[in-house]
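Please read the structure below before turning to the comments.
Chain identifiers are assigned alphabetically (A, B, ...) following the order of the sequence lines, protein sequences preceding nucleic acid strands; residue numbering begins at 1 within each chain. FYI, side chains are in, hydrogens and waters are out, and symmetry mates aren't considered; it's all heavy atoms of this structure.
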Protein chains: 2
Amino acid sequence: MAGRTNEARSLAAKGGSEGEGAVLDLQRYFPYRLARLAEQVSLAVAEVYSERFALTRQEWRVLALLGGRSEIATKQVGPLTTLDKMQVSRAMQGLEARGIVTRKSDPDDRRGLIVSLTPTGRALYRKIVPFALARETKLLSVLTAEEAEVLDRAMRKLSAELG
Amino acid sequence: MAGRTNEARSLAAKGGSEGEGAVLDLQRYFPYRLARLAEQVSLAVAEVYSERFALTRQEWRVLALLGGRSEIATKQVGPLTTLDKMQVSRAMQGLEARGIVTRKSDPDDRRGLIVSLTPTGRALYRKIVPFALARETKLLSVLTAEEAEVLDRAMRKLSAELG
DNA sequence: GGCGGATAGTAACATTTGATACTAATTTGG
DNA sequence: CCAAATTAGTATCAAATGTTACTATCCGCC
């Protein structure tokens with residue numbers, strides 16, 4: 001461990017001493033770095049669904065959610081995609097207009113709607129998902145198995161702390 | 001290693017076998033999880049500068065950048081804050097209108113402007129930064145030293161892969 | 001069993017954000 | 001040197017996003 005000269009580059013490097021002359025180095029500030037990375041990743045994935053298939057981020061989330069099941073009540077979509085109800089409503093309208101989903105009234109709650117993928121939507125899902133998964137795999141392949149595991153754990157911890 | 005029953009929870013869990021019936025589980029999809037976490041963190045930090053001091057995210061970034069130096073050419077702000085020139089322009093206008101920064105023409109390039117914090121701006125910086133740093137510290141304190149270190153390394157690797 | 005409050009979804013409006021294109025100044029290279 | 005291409009910054013318009021409030025339905029409780 002003799003060569004440890006640049007310790008200051010790691011996370012949570014404090015600025016000055018205390019309270020008073022505190023300095024925040026943006027390039028090392030964790031929230032900034034995380035926002036930046038998330039944006040980079042988001043952009044890389046958006047190439048798949050946005051440029052090739054003209055979906056918005058919200059539409060993509062809904063499609064991704066729906067791919068795994070035959071149908072779902074619209075009211076459940078928000079919590080599962082981290083979209084508010086207005087975003088869900090607009091995403092649904094967009095997807096319906098393009099023939100990707102259909103909506104029918106929920107017999108158990110006549111305020112609500114039940115969404116399902118059309119055959120077109122299912123075909124789209126099958127076309128996009130392999131690319132999306134490939135992006136994820138390729139990206140994560142720069143990490144060692146141990147790094148991926150710790151990253152996973154760290155993200156869970158941080159998310160739980162804020163939830 | 002006998003108790004390893006829930007391997008499927010970790011990062012990069014593949015869906016089905018190959019190509020065909022591939023399934024993407026949004027809750028486990030790394031780009032989604034990262035976007036979600038970044039949003040949570042961003043929101044937590046925004047409490048500091050937004051609710052208390054009525055700054056936008058972009059204004060906050062510029063302020064944070066400026067706090068460390070006496071002045072800077074506007075054209076350097078974009079690259080250092082990951083904001084495009086329109087966002088920088090608007091943030092500057094907002095900060096100037098509130099007396100937080102002043103701008104003067106750059107004598108070396110009469111198209112450009114040079115920004116610096118006013119005394120008011122400097123006072124604001126000194127008031128906000130300790131809170132912002134405290135948030136970061138508190139958040140990262142849920143991680144062990146080793147987790148923080150690996151997280152730092154993983155973020156660098158991922159960012160470099162995409163940059 | 002019906003009245004008060006909650007919930008699902010959307011319309012309509014306000015605000016933010018992004019894209020385009022313009023002005024003025026600078027750099028390039030012929 | 002000077003015309004052509006580039007750059008800094010902003011105005012202007014278009015699109016996306018957030019906010020409020022409305023309708024219809026449902027739930028809980030007196």
Review point. Closer than 4.0 Å, any side-chain N/O of Gln87(B) to the OP1 or OP2 of dT17(C)?
Key: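 False: Gln87(B) side-chain N/O out of range (4.0 Å or more) of dT17(C) OP1/OP2.
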Review point. Taking only side-chain nitrogens and oxygens of Ser89(A), does any of them come within less than 4.0 Å of OP1 or OP2 of dG9(C)?
Key: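 No.
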Practice item. Inspect the contact between Asp106(A) and Lys75(A) and indicate whether a charged nitrogen and a carboxylate oxygen are less than 4.0 angstrom apart. Key: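 Looking at Asp106(A) together with Lys75(A), the answer is no, because their closest N to O distance does not fall below 4.0 Å.
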Gap between atoms [atom1] and [atom2], on [X] and [N] respectively (whole Å):
X         : N       : atom1 : atom2 : value
Asp109(B) : dT7(D)  : CG    : P     : 12 Å
Lys85(B)  : dC22(C) : NZ    : P     : 14 Å
Met86(A)  : dA11(C) : CE    : P     : 7 Å
Lys75(A)  : dT10(C) : NZ    : C1'   : 17 Å
Leu83(B)  : dG18(C) : CG    : P     : 10 Å
Asp106(B) : dT7(D)  : CG    : P     : 17 Å
Arg90(B)  : dG18(C) : CZ    : C1'   : 7 Å
Arg111(B) : dC22(C) : CZ    : C1'   : 15 Å

Point to revise | Nearest listed nucleotide, side chain of Gln58(B), among dT17(C), dT19(D), dT10(C) | key: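 Ranking dT17(C), dT19(D), dT10(C) by closest atom to the Gln58(B) side chain puts dT17(C) first.
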Review point. Out of curiosity, Leu151(B) CG to Lys157(A) NZ, how far, rounded to the nearest 0.5 Å?
Key: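 Nearest 0.5 Å value for the CG-NZ distance: 11.0 Å.
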Check your understanding: Less than 4.5 Å apart, any side-chain heavy atom of Val62(B) and any of Leu83(B)?
Key ->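 Yes; the side chains approach each other to less than 4.5 Å.
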Review point. In terms of heavy-atom contacts, does CD of Gln40(A) have more than 12 from other residues, nucleotides or ligands at under 6.0 Å?
Key: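 Yes, the 6.0 Å shell around CD holds more than 12 heavy atoms from other groups.
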Review point. In terms of heavy-atom contacts, does CZ of Phe53(B) have more than 12 from other residues, nucleotides or ligands at under 6.0 Å?
Key: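 Atom CZ in Phe53(B) is crowded, with more than 12 foreign heavy atoms closer than 6.0 Å.
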Review point. Hey, which of these two, Pro107(A) or Asp84(A), hits DNA chain D nearer its 5' end, going by closest nucleotide?
Key: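 Nearer the 5' end of the strand: Asp84(A).
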Review point. Donor-acceptor pair under 3.5 Å: do we get one between Arg103(B)'s side chain and the base of dG9(D)?
Key: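 Check fails, no donor-acceptor contact within cut-off.
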Review point. So what does Thr56(A) touch, heavy atoms closer than 4.0 Å: a base, only the sugar-phosphate, or nothing?
Key: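 Nothing, no heavy atom under 4.0 Å.
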